[in-house]
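Single-structure report; data block below.
From a predicted model like this one, the values you see are computed outputs, not experimental measurements. Numbering of ligands and ligand atoms starts at 1, following listing order.
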Amino acid sequence: MMSALELAAKVKASAKVLALNQSRCLRSSVSVTRPHPCGNLVHGLFFRTAATTTRRRDAAGSALKALSSRDERRGQGKYDEYEDWDFGGGGGFEAEEAPRARERRSVPAEVRCFDTAKICAQSGKGGDGQVSFRREKYVPRGGPDGGNGGRGGHVWVVAAKGLNSLSSFRNKIHFRAKKGAPGQGRNCAGAAGEDVEIQVPIGTIIRKAGMGPGFSRIEGGDEHEGGGATGGFGYSDVSEVETVSFDNSEANLSELDQLGSLELLREGERKLLLHGGRGGRGNASFRSSTNKTPRLSESGEEGIEEWFELELKLVADVGIVGAPNAGKSTLLASLSNAKPKIANYPFTTLVPNLGVCDKLGYKSIVFADVPGLLEGAHTGVGLGQEFLRHCERCNVLVQVIDGDSPDPLGDFHAIRTELDLFSESLAAKDFIVAINKIDIPGVLDRTRDLQEYLTENGIELHTISAAARQGIDPLLKSVDSVLLRFTKEQEQEFGSTYGGFVEDGFGPPEDELDRASEYKKLKREADKATTRRDFSDFTLHFEGATRTWLVKGRAFESYVQMTDWQYYQAWQRFRKIIKVSGLYNALKRQGIKHGDTVCIGAQTFEWNNKMDHDLSYGEWKDYMDAETKKE
Ligand SMILES: Nc1nc2c(ncn2[C@@H]2O[C@H](COP(=O)(O)OP(=O)(O)OP(=O)(O)O)[C@@H](O)[C@H]2O)c(=O)[nH]1
Ligand SMILES: [Mg+2]
């Protein structure tokens with residue numbers, strides 16, 4: 001059998017899909033060791049679990065490694081803590097990442113954790129369904145009354161006001177929603193598990209770990225691969241042989257799966273991160289005209305555990321940039337209600353500060369004071385350019401120049417160069433220059449060459465003293481008019497509510513009522529999505545060497561996990577679903593033989609031609625007893 005490491009080395013040869021495949025291999029190797037949910041019993045009649053013989057275990061193992069099941073689509077980042085493992089075989093992934101990680105470690109934790117975080121979220125498992133029959137005096141044959149289990153708790157992310165950093169995730173990184181309660185007799189359904197809410201600052205972007213910025217879903221890719229960024233597995237010996245009704249429709253995909261990331265831009269905005277597991281159905285739900293006494297129930301669906309990367313890009317209207325000690329924080333304090341730390345040494349501000357300015361009366365403007373930039377910041381000098389990304393969402397920049405600096409013109413050019421090097425969009429933003437500290441005698445004279453240069457080039461200029469609050473109002477008015485111009489331009493280009501923002505900078509006014517009904521709607525949608533199933537949506541893969549068939553499809557995988565195999569009727573139902581969904585015919589068409597292995601999710605079965613013959617309860621029971629003895 002190919003070991004996990006050999007497998008990984010093989011994958012690494014494909015540099016393009018390196019990062020994804022690496023975690024996929026690790027995930028696969030783990031999924032094989034997962035405990036067998038139903039022991040080695042039950043399907044033995046037409047399907048028998050393959051784990052009883054070494055050959056079969058190996059076959060199932062290698063196929064699972066190649067194409068691991070449910071964890072693969074759900075746990076993209078689950079094993080990313082192993083990202084430092086070196087499997088050899090070249091590839092630039094570690095080579096690029098390692099020095100960066102080392103660099104980050106030398107930066108103070110406050111700075112490192114300000115705008116990036118990694119968290120692990122887990123949705124709740126659904127409650128188990130119950131098998132129960134009504135037993136009451138004078139009510140003969142009371143019928144089935146086993147209730148359904150409650151759904152597991154969902155995981156939500158909510159943009160909370162008052163938070164402006166991700167540093168709270170230094171202390172708490174695990175978020176787990178509660179399990180659904182099991183169903184009870186007398187048709188009592190179990191309670192739904194409690195949801196969990198992760199509070200994040202406005203402007204946070206959430207991605208599945210390992211996806212990296214810019215990840216997006218490739219049309220026609222395999223949705224089970226966490227968005228289909230690869231479109232192939234990179235294995236030569238496992239081939240996809242048949243796809244049945246696999247339409248890649250986006251209807252069943254969450255926003256995160258569709259877009260690759262979630263973005264929270266408005267206060268109170270809420271988005272679903274993970275669905276809770278479905279509650280298992282009790283036997284009352286299986287009652288039908290042909291089966292009045294169903295003796296089967298479902299186990300609750302497992303919750304999803306996944307790692308996510310959080311990135312914060314502050315949402316502000318105006319970014320204040322400049323060299324260290326230029327007076328940026330002092331300007332923020334004089335413009336807004338913020339109280340940033342101000343001191344006469346460079347890099348007083350280590351992380352960006354936000355401030356809301358209400359001075360205009362008719363609207364408020366949000367300012368962001370970004371840590372100082374030095375010449376060569378793009379090469380990591382000073383605090384580097386990391387924090388400039390917070391200006392990407394700003395509409396206007398105010399560039400503060402220290403009038404008392406030995407070379408104000410040089411400072412101006414140095415900052416412009418850093419902005420240019422950071423991104424084109426930042427360099428193209430409207431900006432106003434504010435020459436600060438004019439209260440110091442001689443500053444106006446010493447900055448004459450800079451003033452001339454700016455005037456010649458038509459750049460808007462203000463001379464201010466942030467400490468003495470001199471020239472602040474004219475500066476604010478200019479900022480307002482540039483913002484207004486910007487909004488008008490955007491309105492012409494994109495319509496009235498560009499990017500969700502309107503004139504007040506905070507988006508459309510929303511009262512509590514709207515928010516509550518929006519939340520209810522989202523919750524209803526989330527609950528509905530957890531009950532959707534389409535068995536005719538699966539893909540078949542075949543590994544010739546071990547004669548192993550791998551069935552991939554959400555409905556099948558969760559069905560196999562939720563089935564309580566101790567019931568004869570559960571086995572009968574499975575048999576029916578295989579036929580109705582088209583899986584039986586697809587396997588036959590592809591030439592499945594007696595004794596072949598079939599993997600669905602974490603389960604392995606042995607194909608037995610007896611499946612054409614419907615077994616009685618007695619035969620099934622005898623077989624079960626024999627299997628139990630073997631164990
Ligand atoms: N005389 C005078 N001093 C000022 C003025 N504005 C700021 N300062 C002083 O300049 C020093 C630096 O001010 P900060 O506001 O901390 O400067 P900064 O640009 O935020 O600096 P970093 O956060 O380190 O990048 C402080 O000692 C302020 O008191 C001003 O208008 N006049
Ligand atoms: Mg500062």
Side-chain angles (χ1 to χ4, degrees), residues 107-108 110-112 114-115 164-165 167 314 316 318-357 359 366-378 380-391 394 397-408 410-419 422 426 431-447 450-451 461-476 478-479:
V107 175
E110 186 195 1
V111 177
R112 221 173 17 180
F114 172 78
D115 54 5
N164 64 355
S165 109
S167 49
L314 290 174
V318 185
I320 305 175
V321 294
N325 227 26
K328 300 178 295 297
S329 305
T330 315
L331 178 62
L332 179 77
S334 64
L335 278 167
S336 72
N337 52 0
K339 292 186 175 50
K341 189 176 171 191
I342 295 167
N344 195 13
Y345 57 84
F347 300 111
T348 315
T349 306
L350 291 174
V351 294
N353 296 307
L354 284 186
V356 182
C357 171
K359 286 183 199 299
V366 182
F367 284 86
D369 158 33
V370 181
L373 282 172
L374 286 176
E375 192 174 350
H378 65 280
V381 175
L383 283 178
Q385 291 177 311
E386 287 265 310
F387 292 110
L388 276 184
R389 83 170 86 128
H390 297 287
C391 292
C394 296
L397 298 180
V398 172
Q399 187 175 339
V400 181
I401 306 284
D402 183 354
D404 202 22
S405 135
D407 180 13
D411 288 354
F412 169 79
H413 286 302
I415 302 299
R416 292 297 328 154
T417 311
E418 294 307 323
L419 294 178
F422 185 80
L426 212 56
F431 70 101
I432 297 171
V433 175
I435 299 178
N436 193 23
K437 306 193 184 178
I438 55 160
D439 56 308
I440 299 174
V443 162
L444 277 176
D445 285 340
R446 270 185 279 135
T447 54
L450 171 62
Q451 291 179 40
L461 160 74
H462 284 265
T463 49
I464 61 163
S465 167
R469 309 207 168 201
Q470 228 179 302
I472 300 297
D473 288 344
L475 174 65
L476 186 57
S478 295
V479 167

Among protein heavy atoms, which sits nearest to atom 25 (O) of ligand 1, and what does the distance come to when rounded to 0.1 Å?
K328 NZ, 2.9 Å

I'd like to know if the side chain of D439 and the backbone of S465 have a donor-acceptor N/O pair within less than 3.5 Å.
no

Between P346 and ligand 1, does any nitrogen or oxygen pair lie at a separation below 3.5 Å?
no

With a cut-off of 3.5 Å and sequence neighbours excluded, list every side-chain donor-acceptor pair involving residues 321-340.
{"residue": "N325", "atom": "OD1", "partner": "Y345", "partner atom": "N", "Å": "3.3"}
{"residue": "N325", "atom": "ND2", "partner": "N344", "partner atom": "OD1", "Å": "3.0"}
{"residue": "K328", "atom": "NZ", "partner": "A323", "partner atom": "O", "Å": "2.8"}
{"residue": "S329", "atom": "OG", "partner": "T349", "partner atom": "OG1", "Å": "2.8"}
{"residue": "S329", "atom": "OG", "partner": "D369", "partner atom": "OD2", "Å": "2.7"}
{"residue": "S334", "atom": "OG", "partner": "T330", "partner atom": "O", "Å": "3.4"}
{"residue": "S334", "atom": "OG", "partner": "L331", "partner atom": "O", "Å": "2.9"}
{"residue": "S336", "atom": "OG", "partner": "L332", "partner atom": "O", "Å": "2.8"}
{"residue": "S336", "atom": "OG", "partner": "A338", "partner atom": "N", "Å": "3.2"}
{"residue": "N337", "atom": "OD1", "partner": "V356", "partner atom": "N", "Å": "3.2"}

The single option from L354, N353, V318 passing side-chain contact (heavy atoms from CB on, under 4.5 Å) against F367
V318

Between the candidates N325, L374, I472, D439, which shows the shortest non-hydrogen contact distance to atom 32 (N) of ligand 1?
D439

Between CZ on residue R446 and CD1 on residue I440, distance to nearest 0.5 Å:
7.5 Å

Counting non-hydrogen protein atoms only, what is the nearest one to atom 6 (N) of ligand 1? Give residue, atom name and distance.
N436 ND2, 3.2 Å

I need the atoms of ligand 1 closer than 4.0 Å to a non-hydrogen atom of I440, numbered in the order shown.
1 (N)

Ranked by distance from atom 20 (O) of ligand 1, the top protein heavy atom is S329 OG, 2.8 Å

For residues V370 and I320, determine if any side-chain heavy atom of one lies less than 4.5 Å from a side-chain heavy atom of the other.
no

Considering L331, N344, T330 one by one, which has a heavy atom nearer to atom 7 (C) of ligand 1 than any of the others?
T330

Tell me, do T417 and E375 make a side-chain contact under 4.5 Å, heavy atoms counted?
no

Nearest to atom 4 (C) of ligand 1, what protein heavy atom do you find, and at what distance?
K437 CE, 3.7 Å

Is any N or O atom of P324, backbone or side chain, closer than 3.5 Å to an N or O atom of ligand 1?
no

Measure the NE2-CG distance between H413 and D407 for me, rounded to the nearest 0.5 Å.
9.0 Å

Nearest neighbour in protein (non-hydrogen) for atom 23 (O) of ligand 1
T349 OG1, 2.8 Å

For the CG atom of D411 and the OG1 atom of T447, what is their distance to the nearest 0.5 Å?
11.5 Å

At what distance, to the nearest 0.5 angstrom, does CG of L373 lie from CD of Q399?
9.0 Å

Specify the protein heavy atom at minimum distance from atom 28 (C) of ligand 1: its residue, its atom name, and the distance to 0.1 Å.
I342 CG2, 3.8 Å

Are A466 and ligand 1 in contact, using a heavy-atom cut-off of under 4.0 Å?
yes

Below 2.8 Å, which protein N, O or S atoms neighbour the Mg ion (ligand 2), ignoring water?
S329 OG, T349 OG1

Verdict with reasoning, L374 to F347, per side-chain contact (heavy atoms from CB on, under 4.5 Å):
CA-CA 10 Å; L374 286 176; F347 300 111; 3.7 Å; yes

CZ of F114 to CG of N164, rounded to nearest 0.5 Å, is 5.5 Å

Quick check: does any side chain N or O of E418 sit under 3.5 Å from a backbone N or O of H378, one acting as donor and the other as acceptor?
yes

Only heavy atoms of Y345, strictly under 4.0 Å: list the atoms of ligand 1 that pass.
24 (O)

Nearest-contact summary for atom 17 (O) of ligand 1 - protein heavy atom, Å
G327 N, 3.1 Å

List ligand 1 atoms under 4.0 Å from G372, heavy atoms only on the residue side.
25 (O)

Charged N-O contact under 4.0 Å between K359 and D473:
no

Which distance, rounded to the nearest 0.5 Å, do you find between the SG of C391 and the CG of L419?
7.5 Å

Check contact between A343 and ligand 1, using heavy atoms of the residue and a distance below 4.0 angstrom.
yes

